[in-house]
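To start, the structure under review is shown below, and the notes come after it.
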Amino acid sequence: MVDLSQELFGTTFQNPVLLASGTCGYGEEYSDLIAVDELGGIVTKAVTPERRLGNPPTRISETPAGMINAIGLANVGLDGFKREKLPWIREHLSRAKVLVNVAGRSVEDFVGVVEGLEDEDGFLGYEINVSCPNVEGGTMFGTDELSLAQLVAALRRATRRPLVVKLTPNVAEIGNFARICEENGADGLSTINTFPGMLIDVETRRPVIGNVTGGISGPAIKPMGVFATWKATSRVEIPIIGIGGICNARDALEYILAGASLVQIGTAMFADPFTAPDTIRGLREICERQGVTRAADLVGALEVR
Amino acid sequence: MVDLSQELFGTTFQNPVLLASGTCGYGEEYSDLIAVDELGGIVTKAVTPERRLGNPPTRISETPAGMINAIGLANVGLDGFKREKLPWIREHLSRAKVLVNVAGRSVEDFVGVVEGLEDEDGFLGYEINVSCPNVEGGTMFGTDELSLAQLVAALRRATRRPLVVKLTPNVAEIGNFARICEENGADGLSTINTFPGMLIDVETRRPVIGNVTGGISGPAIKPMGVFATWKATSRVEIPIIGIGGICNARDALEYILAGASLVQIGTAMFADPFTAPDTIRGLREICERQGVTRAADLVGALEVR
Amino acid sequence: MIRSWSPVVARERVAEETFWLEFDAPEIAEQAAPGQFVMVGFGASSWGTPFLPRPNSVAAAPDGRVGLLIRVYGAGSRRISELALGERVLLLGPLGTRFELGDARNVLCIAGGVGLAPFLLLPRWLDRQGREANLRLLYGERVGAVVFNPEKIQEIAGIEADIWTEDGSRGSRGTVLDGTGLDGADLVLSCGPTAMLKAVRSLARTAGVPCQLAVEEHMACGMGTCIGCAIPTIDPETGEDVYSLVCTEGPVFAAERLRW
Amino acid sequence: MIRSWSPVVARERVAEETFWLEFDAPEIAEQAAPGQFVMVGFGASSWGTPFLPRPNSVAAAPDGRVGLLIRVYGAGSRRISELALGERVLLLGPLGTRFELGDARNVLCIAGGVGLAPFLLLPRWLDRQGREANLRLLYGERVGAVVFNPEKIQEIAGIEADIWTEDGSRGSRGTVLDGTGLDGADLVLSCGPTAMLKAVRSLARTAGVPCQLAVEEHMACGMGTCIGCAIPTIDPETGEDVYSLVCTEGPVFAAERLRW
Ligand SMILES: Cc1cc2nc3c(=O)[nH]c(=O)nc-3n(C[C@H](O)[C@H](O)[C@H](O)COP(=O)(O)OP(=O)(O)OC[C@H]3O[C@@H](n4cnc5c(N)ncnc54)[C@H](O)[C@@H]3O)c2cc1C
Ligand SMILES: Cc1cc2nc3c(=O)[nH]c(=O)nc-3n(C[C@H](O)[C@H](O)[C@H](O)COP(=O)(O)OP(=O)(O)OC[C@H]3O[C@@H](n4cnc5c(N)ncnc54)[C@H](O)[C@@H]3O)c2cc1C
Ligand SMILES: Cc1cc2nc3c(=O)[nH]c(=O)nc-3n(C[C@H](O)[C@H](O)[C@H](O)COP(=O)(O)O)c2cc1C
Ligand SMILES: Cc1cc2nc3c(=O)[nH]c(=O)nc-3n(C[C@H](O)[C@H](O)[C@H](O)COP(=O)(O)O)c2cc1C
Ligand code: FES
Ligand code: FES
């Protein structure tokens, strides 16, 4: 018997496999096909203070071994989330843990969402999406050390729940940003969000994506995600959630060996909605074959001579 | 008749397709298979002041739609290059333009190579590889604005030949780095070098690559390379060479529309050594079909509403 | 919604760059209604082309099979078109909305290109529902070489297609719209290129006939989780400009909801 | 060096996860010598698995064909093993160095697993060169299920293999090394897993018999441009520790040059 559970954020994840934000809606969408409550957990689509319609089409397209997306944070907004989405989560997910992905363009935006959710039950904590452009500074929170520090500190004051910051890979040294999050009170990190990218239709000479640029995800970014996870773990003590291109148990295990306590699966769920349950099963099988009784022992077990 | 030539760096490239540094040796290696002198040009393997043996194996492996490499700048060194490689180039390449890729760990290293080559003939100019770790600072030249400015300024003083700086995508705002290069006298930019990445063997629990981490190239990074090219062109006047995952004429055209005057093909040459000549032929065909008589008119012709 | 690894049980090149494929997928075949689609993919462990699944309309559902009419457009549709007998693909479906016939008696179906697919399913599906209606099918293509054989249409769908080609090499010369006197239709259904759909919408609007259009947009999930397939629409209740998901709120929309 | 899109003209599953494939590639077949390899790829326009070509030893060269013995290891070798008759792959070759027999009369060939491949080519190649030598072939596998049929070996190579399996289910029980009295050999050639090659090297060194080993390393270009396939070696002239490229300076190395 292999124990896949992971203890972190003061609770137990029954297994380390979560669904990534923006790729699983609010859980309900997949409930027809897979037993969502058997997963380690889900991370909701980003919630912003107000409802957002999102970007004009085309929003997504395939790229080599991946995809580009510019959804534009289309979401039901804080109130919509509480009214339309949280009730289903509360009712159907008791074992899978839920992180609410939070986005905004100012510190107030983020804090507003967190404060608005703080008294609700049905979810564990927050994953803070710092890849959105910061209104005040123009750049992303996630690429500016000072803005990031202020944001994390403000959020720390706003909540006692687990606070996970989702880092963008679009920086020179992700370890520095990991440190800043830890120092300002984050309980964990998610690595990584998408890479900025662009796809051009050479016949029309226009960008394929309505928003011109978008984020690249999928297997193409897996080696970068593993690298970022490994770099981040070497600089912080707080647990890390590995993300980027995971398609199966071996991919998940790369992240775990690199130091991730949990993983998230995003784009691969589009290729096959069974990817997450198959990954859980696959992890169990690999552990059995390798004689590993507790998957938690594999976290950071990479041997670098 | 389609004119594929491009005027830049005070000379004419017969077509916009070059071979990327580190993927074509010094040209000679491919001469058995393709007419190297029919290409737009080649960029040599990095030349460092001293001969370098490079990294321990394993140095390369496949990744989703790409590869990881950690060659470690293995090269014959400045003297070896002059003695063993330049003579072949001088004798066989008269129409294809040659850029010498230069690497080092200090400003002196780079300047030393450039000064050592300045009086030689047989090549057009330099492509400066700023993705190597900087000995003094620890980080890469390519990720530190001040080091980069100093390096480019020093090199500008050392040569009157075309000076192209090859940027790393591993920064938050590649446009800033492009600007710094232009302001300090660079004649052109190459975008992009590889992304840092990592591959783990889940059976041995070790990194696949002897050097632990490596650079990711190939189709996987194409959307990021197009994005970086587009970002860089919006900030500088100097010409740009687009690189990253180009496999065919359509890929090359994406870069050209995004603003690249020339392109380089790297990893795809391993998948098929005919990729570069096929890309040149394909560009001619697309231009003919689209009624374009001068490919130069397509540079930056992207229409963003 | 069914997910199944389904083998190709029939494959035929039916016109230039156009293929007819049948998959053994009884549950999907049983549920699928005209306008609905399946995502056709290769799973998550092969990250070759395509990685994302591709949406394709269910064009027939005989004997537990799902029939698709595939036109080669890019690398994904090419790979699907080249599937060999016995090869398995991952099907997810049926997905999306269907054409709603309501009480319509005289239904005019206007198909452009492989927009023909849903109308191949429609007649037999109506039969199965015990529903009667007079269907008229206009089917247009740019050139004759890509026209799906009228005999084959007859065989699959039990309906005669009125064929139009722009080069006049098959059927009548012109576009389907040249053949469109709405004569007596009390419902217009259409699927095909956006330019055609727009023209159909104008025609129907002018004639005051209700019109439903099946539209296309890039998709990743096909089931509402990625929010990727949004198109500009008008909220029928508030009249506001919004976006709607083609995969769940469409692909079939009432023409007046589309904001083009 | 030849680059050619070559069709599969024969394919056979010859043991568990092990396949014999022949490609129509006359120029490569004519030039290939034992120890040399070809890069087997799918071109640059399909960036599925594998994107990089895979090195494989030329195992036979009858009638303008290149024969390969493929064992499924990961996704790339799996795709190669699943090629259908008539499908084309991009072959680049012949590449690398060959076994050099010099004046050797009694040559002992020690093969582990699909390290058998170069030794399948060797006997007929020697014939074609008009060169005579006594060849003895030891061929070891972990288990019987993966053993390449001795009759097939006889047919392809015209040589009898002395088979060893660790589970004893085919041939003799044990490793090839258990069968190695070098008895009278004046040259030892070996190809197979690194652990085996190391043991062969010790044996030959102890016996004072010259030894050549064919080694493996990950490759991208196969022709010396990527500098990716370096392994630690000793410079034969200076005695310095250096790296050598398996694709151009190898895959066959004099045993004493390898720095393991
Ligand atoms: C609801 C629906 C039903 C469809 N039914 C059929 C059908 O029955 N027969 C048929 O031949 N085609 C049908 N299509 C179109 C088919 O999905 C596209 O031709 C196909 O996705 C193109 O993929 P590709 O890889 O060949 O092209 P590429 O251009 O290489 O694809 C690149 C990306 O763009 C997307 N894309 C490009 N064009 C379209 C498009 N028109 N619609 C959706 N995504 C697109 C692809 O999915 C992919 O993500 C339908 C589309 C939708 C949305
Ligand atoms: C000169 C030479 C001759 C060879 N001859 C044969 C032969 O005749 N028959 C045969 O079955 N195999 C042979 N091999 C080994 C064969 O190349 C590998 O099994 C194959 O590359 C593995 O690819 P994969 O995608 O199946 O495995 P994966 O592990 O998925 O490949 C991942 C990456 O590692 C590389 N890789 C993994 N193992 C090896 C290896 N052992 N050698 C080289 N690269 C590797 C792959 O090329 C790829 O880049 C030979 C290797 C070399 C270098
Ligand atoms: C369609 C789509 C929508 C996404 N939306 C969000 C989001 O709202 N918030 C967020 O933090 N990340 C979002 N992401 C990023 C993913 O959560 C994930 O970090 C990224 O896709 C890399 O993982 P993958 O390669 O497994 O997809 C989105 C990704 C995709 C593909
Ligand atoms: C094996 C290998 C070696 C490389 N060596 C160098 C180098 O010496 N100097 C350099 O500037 N870039 C080097 N690169 C980076 C390439 O020149 C190119 O920027 C990168 O691979 C992206 O292009 P591609 O996707 O077409 O390969 C190397 C890349 C590879 C794959
Ligand atoms: S395709 Fe994902 S929401 Fe429609
Ligand atoms: S494989 Fe490229 S140098 Fe050997």
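Letters A, B, ... are given to chains in the order of the sequence lines, protein chains preceding strands, and every chain is numbered from 1.
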(message) Please rank Arg250(B), Lys222(B), Lys231(B) by heavy-atom pairs under 4.5 Å with chain A and give me the top one.
(response) Arg250(B)
(request) May I ask you to name which of Gly142(A), Ala172(A), Pro169(A), Gly225(A) has the most heavy-atom pairs under 4.5 Å with chain B? (result) Ala172(A)
(request) Let me know if Ala249(B) has heavy atoms under 4.5 Å from chain A in its side chain, its backbone, both or neither. (result) neither
(message) Within the 4.5 Å heavy-atom criterion, are Glu203(B) and Gln290(A) side-chain neighbours or not?
(response) yes
(request) Check whether Val212(B) gets within reach of chain A through its side chain, its backbone, both or neither, counting any heavy atom under 4.5 Å. (result) side chain
(request) State whether a side-chain donor-acceptor pair under 3.5 Å links Ser131(A) with Asn193(A). (result) yes
(message) Report which part of Ile221(A) has an atom under 4.5 Å of a heavy atom belonging to chain B: side chain, backbone, both, or neither.
(response) side chain
(request) Compare all side-chain heavy atoms of Thr213(A) with those of Asn211(A) and state whether any distance is below 4.5 angstrom. (result) yes
(request) Verify whether one side chain among Asn170(B) and Thr168(B) offers a donor that lies under 3.5 Å from an acceptor in the other. (result) no
(message) Do the side chains of Glu303(A) and Arg205(B) get close enough for a salt bridge, i.e. N-O under 4.0 angstrom?
(response) no
(request) Determine, for Glu183(B) against Arg179(B), whether the closest basic-nitrogen to carboxylate-oxygen distance falls under 4.0 angstrom. (result) yes
(request) State plainly whether the residues Glu173(B) and Arg235(B) are in salt-bridge range, i.e. N to O under 4.0 Å. (result) no
(message) Tell me which of these, Pro196(B), Gly218(B), Ala220(B), has more heavy-atom pairs under 4.5 Å with chain A than the rest.
(response) Pro196(B)
(request) Could you tell me which of Ile174(B), Thr204(B), Val226(B), Thr229(B) has the largest number of non-hydrogen atom pairs under 4.5 Å with chain A? (result) Val226(B)
(request) Measure distances from Ile256(B) to the heavy atoms of chain A and classify the residue's part below 4.5 Å as side chain, backbone, both or neither. (result) neither
(request) Can you tell which part of Val292(A) gets under 4.5 Å to a heavy atom of chain B, answering side chain, backbone, both or neither? (result) side chain
(request) May I ask you to check whether Phe195(B) and Phe227(A) place their ring centres under 6.0 Å from each other? (result) no
(message) Counting heavy-atom pairs closer than 4.5 Å to chain B, which one of Thr143(A), Leu199(A), Ile216(A) comes out on top?
(response) Ile216(A)
(message) Is Leu298(B) close to chain A through its backbone or its side chain, or both, or neither, when contacts mean heavy atoms under 4.5 Å?
(response) side chain
